[in-house]
Q: 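After the structure tokens below, expect a handful of questions from me.
One is the number of the first residue; the rest follow in order along the sequence. In each ligand, atom 1 is the first atom listed, and ligand 1 is the first ligand listed. Atom set for the values below is all heavy atoms of this structure, side chains included, hydrogens, waters and symmetry mates excluded.
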Amino acid sequence: FADSAMYKAKDEGRDNFQFYSSDMTDKALELILMEANLRQALEKNEFIIYFQPITNAKTNRLVGLESLIRWMHPEKGLIPPDKFIPLAEETGLIIPIDQWVMKQAMLQVVDWYKEGLNPGLLSLNMSSLQLKGDEFIPFIEDLLKSTNCNPEWIQIEITESQIMKKPEEAISILNQVSALGITLAIDDFGTGFSSLSQLKRLPIDKLKIDRSFVKELPNDEEDVAISKAIIALAKTLDLHLIAEGAETIEQVNFLMNHGCDYIQGYYFSKPLPQKEMREYIIKHSQQIIENTKNFVI
Ligand code: C2E
Ligand code: MG
Ligand code: MG
Ligand code: MG
């Protein structure tokens, strides 16, 4: 017994030694701690979802909303996604986190429909880690069933750079997602170096022009040229467009004048917590119409 206890202590000692050894950088240690925090946050239900309206600028009506996660930290307060999503991606925790967001957001939207409200298309962010393996399709099918959510109410967004990491896997899974009746959009478009031939092969319906190109409109010549080129590209490939990050009337007018009518940005609204989003829907949505397809952009 004494021997085995000693061995155990030795083993633990070795583990401890390895844990603190010099090849373990501070960053790695911080990563481990942060990962534990994130995991706990999920267990303790500390995440919340905000929704940002997407507007048809021509009619000023709400056409959809994007779900955006925040971390309600008991001490630090509201933490924006940019502060923890990259770590969640590195550690793989992004998968349960995104699945949590998808479920909560679907439940919310189904509730709004049940109330007779029309939130439009619900846009969900998806990490490329979900594109690996064969778990995502059964997951999303089960979720649609268990939440009573119509696939035509849903749009999934994935960034251009994430798709380009593994284009072949992406094409295969996205084809299956699309076959379920879910709309697909490329997020942060213009920042991920996809080639036209790759773009043509993707089963996508929509491009979201990255905020970085909208920011300096209409004054920055390069951004004017880039956004015009993206709009032309979308027309050629028969894709719908949403511009992200419009904050001023000048930006909205520029985008509309050049053929991009769907806008998500502070000019219309910042991301809102659930209660305020409900008020926003009541004020700005189109009437419920029989065929949901008519208002799905
Ligand atoms: P994104 O998907 O491109 O979302 C748009 C971001 O731009 C949001 O930031 C939104 O608040 C911000 N934005 C929209 N309009 C404006 C504007 O007019 N001005 C400015 N300055 N910003 C604007 P947020 O909510 O901080 O999210 C940042 C990113 O975090 C998202 O970028 C997305 O990549 C990621 N993210 C958020 N929620 C989730 C999630 O549930 N899952 C995953 N995988 N990623 C998420
Ligand atoms: Mg997004
Ligand atoms: Mg974006
Ligand atoms: Mg982004």
Q: Within ligand 1, which atoms have a heavy atom of A246 less than 4.0 Å away?
A: 18 (O)

Q: Heavy atoms only: which of D187, I158, T191, D98 lies closest to atom 40 (C) of ligand 1?
A: D98

Q: Would you say N125 reaches the Mg ion (ligand 2) with an N/O/S atom under 2.8 Å?
A: yes

Q: Under 4.0 Å from ligand 1, counting heavy atoms only, is it the side chain of V101, its backbone, both or neither?
A: side chain

Q: Where does I94 meet ligand 1, judged by heavy-atom distances below 4.0 Å: at the side chain, the backbone, both, or neither?
A: side chain

Q: A quick test of your reading: do over 12 heavy atoms of other residues, nucleotides or ligands sit less than 6.0 Å from CD of E135?
A: no

Q: Measuring from the Mg ion (ligand 2), name the closest N, O or S atom belonging to E157.
A: OE1

Q: Can you check salt bridge (Lys or Arg N to Asp or Glu O under 4.0 Å) on E247 and K270, steps first, answer last?
A: CA-CA 10 Å; E247 297 185 359; K270 289 194 171 181; over 6 Å; no

Q: Tell me whether I69 has any N or O atom under 3.5 angstrom from an N or O of ligand 1.
A: yes

Q: Should E157 and K208 count as an ion pair when the cut-off is N to O under 4.0 Å?
A: yes

Q: So, is S67 polar-close to ligand 1, with some N/O to N/O distance under 3.5 Å?
A: no

Q: Would you tell me whether S123 and Q155 have side-chain atoms, one donor and one acceptor, within less than 3.5 Å of each other?
A: yes

Q: Given side chains that start at C-beta, do those of R70 and I79 come closer than 4.5 Å, heavy atoms only?
A: no

Q: Relative to the heavy atoms of E247, which atoms of ligand 1 are at a distance of less than 4.0 Å?
A: 17 (C), 18 (O), 19 (N), 20 (C), 21 (N)

Q: Establish, from distance only, whether the side-chain atoms of Q162 and S128 form a donor-acceptor pair under 3.5 Å.
A: yes

Q: Under 4.0 Å from ligand 1, counting heavy atoms only, is it the side chain of T159, its backbone, both or neither?
A: neither

Q: Would you say F213 and I249 are hydrophobically clustered, going by side-chain heavy atoms of ILVMFWY under 4.5 Å?
A: yes

Q: Evaluating non-hydrogen atoms only, which member of P81, G245, A88, A243 is closest to atom 24 (P) of ligand 1?
A: P81

Q: Quick check: F84 with F47 (ring centres under 6.0 Å apart)?
A: yes

Q: Taking 4.0 angstrom as the limit and counting only heavy atoms of D188, give me the atoms of ligand 1 inside it, by number and element.
A: 3 (O)

Q: Pick whichever of L129, N125, I95 has a heavy atom sitting closest to atom 33 (C) of ligand 1.
A: N125

Q: Out of curiosity, is E89 lining ligand 1, as in a heavy atom under 4.0 Å away?
A: no

Q: With a 4.0 Å cut-off on heavy atoms, is P80 in contact with ligand 1?
A: no

Q: Please name the atom of E66, limited to N, O or S, that comes nearest to the Mg ion (ligand 2).
A: OE2

Q: For ligand 1, which atoms, with element, lie under 4.0 Å from some heavy atom of P271?
A: 11 (O)

Q: How wide is the angle at the Mg ion (ligand 3) between OE1 of E244 and OD1 of D188, to the nearest 10°?
A: 100°

Q: With carbon and hydrogen excluded and only N/O/S kept, which atom of D187 is nearest the Mg ion (ligand 2)?
A: OD2

Q: Ligand 1 versus D82, non-hydrogen atoms closer than 4.0 Å: side chain, backbone, both, neither?
A: side chain

Q: Consider only side-chain N and O atoms of E244 and Q264, and report whether a donor and an acceptor are under 3.5 Å apart.
A: no

Q: Which of the atoms in ligand 1, numbered in the order shown and given with their element, are less than 4.0 Å from a heavy-atom of G265?
A: 15 (N), 18 (O)

Q: Considering both backbone and side-chain atoms of Y266, is one of its nitrogen or oxygen atoms within less than 3.5 Å of a nitrogen or oxygen in ligand 1?
A: yes

Q: Is the shortest side-chain heavy-atom distance between P119 and L122 below 4.5 Å?
A: no

Q: Have a look at ligand 1 and work out which part of E66, if any, has a heavy atom under 4.0 Å from it: side chain, backbone, both or neither.
A: side chain

Q: Could you tell me whether R39 and E35 have a side-chain N and a carboxylate O separated by less than 4.0 Å?
A: yes

Q: With heavy atoms under 4.0 Å as the rule, classify the contact between D210 and ligand 1 as side chain, backbone, both or neither.
A: neither

Q: Report, as yes or no, whether the 6.0 Å neighbourhood of atom CG on D142 holds more than 12 heavy atoms from other residues, nucleotides or ligands.
A: yes

Q: Heavy-atom distances under 4.0 Å decide this one: backbone, side chain, both or neither, for Q52 against ligand 1?
A: side chain

Q: I'd like to know whether CZ of R201 has more than 12 heavy-atom contacts from other residues, nucleotides or ligands below 6.0 angstrom.
A: no

Q: Check I49 against V101 and note the closest heavy-atom contact, atom names and distance.
A: CD1-O, 3.6 Å

Q: Determine the minimum heavy-atom distance between L255 and A246, stating which atoms define it.
A: CD1-CB, 4.2 Å

